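Taking it in order: structure first as structure tokens, then the write-up.
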Amino acid sequence: MASSAAVSAPRAAPSSKTETFVDNKRKDDIRMANIAAAQAVANAVRTSLGPKGMDKMISTANGEVIITNDGATILNKMEVLQPAAKFLVELSKSQDVVAGDGTTTVVVIAGALLKQCLSLLSAGIHPTVISDSLHKVSTKAVEVLTAMAIPLELTDRDSLVKSASTALNSKVVSQYSTLLAPLAVDSVLSVVDPAKPEVVDLRDIKIVKKLGGTVDDTELVKGLVFDKKVSHASGGLTRVEKAKIAVIQFQISPPKTDIEQSIVVSDYTQMDRILKEERNYILGMIKKIKATGCNVLLIQKSILRDAVTELSLHYLAKAKIMVIKDVERDEIEFITKTLNCLPIANIDHFRAEKLGFADLVEEISLGDGGKIVKITGIQDMGRTTSVLVRGSNQLVLDEAERSLHDALCVVRCLVSKRFLIAGGGAPEIELSRQLGAWAKVLQGMEGYCVRSFAEALEVVPYTLAENAGLNPIAIVTELRNRHAQGEINTGINVRKGQITNILEENVVQPLLVSTSAISLATECVRMILKIDDIVTVR
């Protein structure tokens, strides 16, 4: 009844012909629901922010258990059904792609911005106005951060190691950061191409995981590492010096018909002939291989038929050729790049110029029964490197790999954009202060919006303090006070539980991590704000 009255009321007044009744209630509800869902996701990862953050244990549907602190991994494994909440999952993924680190921060910032949007919307400000001021805030924030940043040279290895160890501090394997950080820096620097110094392809760094030992045993290998044994059939070699290595993609086994069919052999002479032919066929192949002087074979996994048979292994061992079989197809590119050789797809193309050369190929047995194959001293080695990660159990091993990946990404950021910035909540508080001052200059609604977004950025130091068990309100107030006095590098020192100059504590991060976190978070929030209805299509 009330609605019909509302409809008829504007029509009564002759002056307002254009006014019609529009039901805004549903649109508000959808927007509120979207924001609430996205906030719930942000709150889920909030506790794992920072060096004292908690870890999450994820139990997947197939009974696998993952223990991690990495925001992108947590959100990726979450079953998020609400469409708007999926934005946040995508948000942490894109931060992972751009910067690699700060995947939790970006979601926490987005959650805080959404919270402020709620209060602005309920105050009756139009979503478009909020969205536009958010855009201004993000461009201004990037300017402020860039002004705070400290330039860095790639020769300054200490600073690179510091930022890598800051990235590792919040991880499960943080106690090994003294080992993993320099390792990450060295591996990235060794794959940087002097011709294109800003492009680092992390696929050139191969991480090989091997169960056993502890994370302390992780090492950087100049060369190749295979998580496999050498084939020991009939006394195969386990160590070759001055190796000539061939990567082959064909099978050393008797030919087989492509279609499933059986050949019936009736008498013994024919059977002998078949076996003899098989032997001659394999011997012919091995002679061709031996003729080039090749003494190590890497054989790609085969689907159609066995890559090697007992017989061929026996002959290869007699010919003093070491065999590493079951090389994965997707590793071939990395191997050929490292060894500087060409993969050989057919026995007729087997020539000496397609081989790679190395000083030593040997099988090393690790203390706990596992074995790996190492190829070292490679001639004209491509710009690649391998890292052998060890861990006492599978969970630690996977987490070590993820953490190492984050550290590698951080070093990659620094290589592509050579600026450092303080960590520990310092840049966020400084942003909050400068944006707050800037809001006073702006007019109308914009100033109001900018001021509340400036407040929202305080969520990062607040959460850092909260996770470390400090009093967040006291800490953030004191931080504001220090920054107002002009100490822009003051942040929360979580280890000592007080406020110190964070640069002296070596807590630094790449500029790219902070800038991309803020610009991606604001972009995501603007997208959620602009949505006013959800249409399901059956």
Side-chain angles (χ1 to χ4, degrees), residues 27-46 49 71-72 74-75 78 80 82-99 102-145 427-428 431-432 434-436 438-439 442 445-463 513-534:
K27 293 186 174 172
D28 284 350
D29 282 354
I30 294 265
R31 201 171 272 132
M32 296 299 169
N34 280 349
I35 292 180
Q39 269 182 300
V41 171
N43 287 338
V45 292
R46 218 184 105 175
L49 180 78
I74 299 170
L75 289 178
M78 264 192 197
V80 180
Q82 217 272 355
K86 282 186 182 161
F87 280 0
L88 287 191
V89 179
E90 296 300 317
L91 171 69
S92 73
K93 267 191 208 163
S94 54
Q95 172 76 359
D96 203 21
V97 171
V98 175
T103 45
T104 321
T105 316
V106 71
V107 178
V108 170
I109 291 178
L113 289 174
L114 284 168
K115 191 176 172 191
Q116 292 292 353
C117 290
L118 260 184
S119 61
L120 291 173
L121 283 170
S122 56
I125 302 175
H126 196 276
T128 322
V129 178
I130 301 178
S131 169
D132 288 346
S133 30
L134 245 185
H135 183 59
K136 285 187 177 168
V137 164
S138 100
T139 38
K140 177 80 176 171
V142 172
E143 283 169 26
V144 172
L145 283 173
E428 284 81 9
L431 272 181
S432 171
Q434 294 212 18
L435 289 174
W438 183 56
L442 294 174
M445 280 301 175
E446 270 187 354
Y448 193 70
C449 296
V450 170
R451 189 164 81 238
S452 61
F453 290 139
E455 273 172 33
L457 285 173
E458 287 180 1
V459 72
V460 174
Y462 188 91
T463 311
V513 171
S514 298
T515 51
S516 78
I518 284 182
S519 46
L520 288 172
T522 48
E523 202 173 296
C524 175
V525 172
R526 288 180 66 200
M527 224 157 107
I528 293 179
L529 270 180
K530 290 266 173 139
I531 296 170
D532 67 346
D533 210 341
I534 296 177

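Only a predicted model underlies this, so the values are computations on that prediction, with no experimental measurement involved.
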Measure across [X] and [Y] and return the closest heavy-atom pair with its distance rounded to 0.1 Å.
X    : Y    : result
L91  : C524 : CD1-CB, 3.9 Å
V460 : L49  : O-CD2, 4.1 Å
L529 : R31  : O-NE, 3.0 Å
A110 : L88  : CB-CD2, 3.9 Å
L114 : A38  : CD1-CB, 3.5 Å

Review point. Which residues pass the side chain to side chain donor-acceptor pair (under 3.5 Å) test with S514, sequence neighbours left out?
Key: Q509

Check your understanding: Around atom CE of M78, are there more than 12 heavy atoms of other residues, nucleotides or ligands at under 6.0 Å?
Key ->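 Atom CE in M78 is crowded, with more than 12 foreign heavy atoms closer than 6.0 Å.
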
With a 4.5 Å limit on heavy-atom distance, are the side chains of [X] and [Y] in contact?
X    : Y    : value
F87  : I531 : yes
P127 : L121 : yes
I518 : L431 : yes
Y462 : R46  : yes
L457 : I109 : yes
K530 : S131 : yes
F453 : L435 : no
Q39  : L118 : yes

Revision key, fill the gap. Quick note, side-chain hydrogen bond (donor to acceptor under 3.5 Å, both in side chains) partners involving residues 82-93, not counting sequence neighbours, are N34-Q82

Let me confirm one number: the [atom1]-[atom2] distance from [X] to [Y], rounded to the nearest 0.5 Å.
X    : Y    : atom1 : atom2 : answer
S94  : E523 : OG    : CD    : 8.0 Å
L145 : Q434 : CG    : CD    : 9.0 Å
W438 : K136 : CH2   : NZ    : 6.5 Å
T103 : L520 : OG1   : CG    : 11.5 Å
I130 : I125 : CD1   : CD1   : 5.5 Å

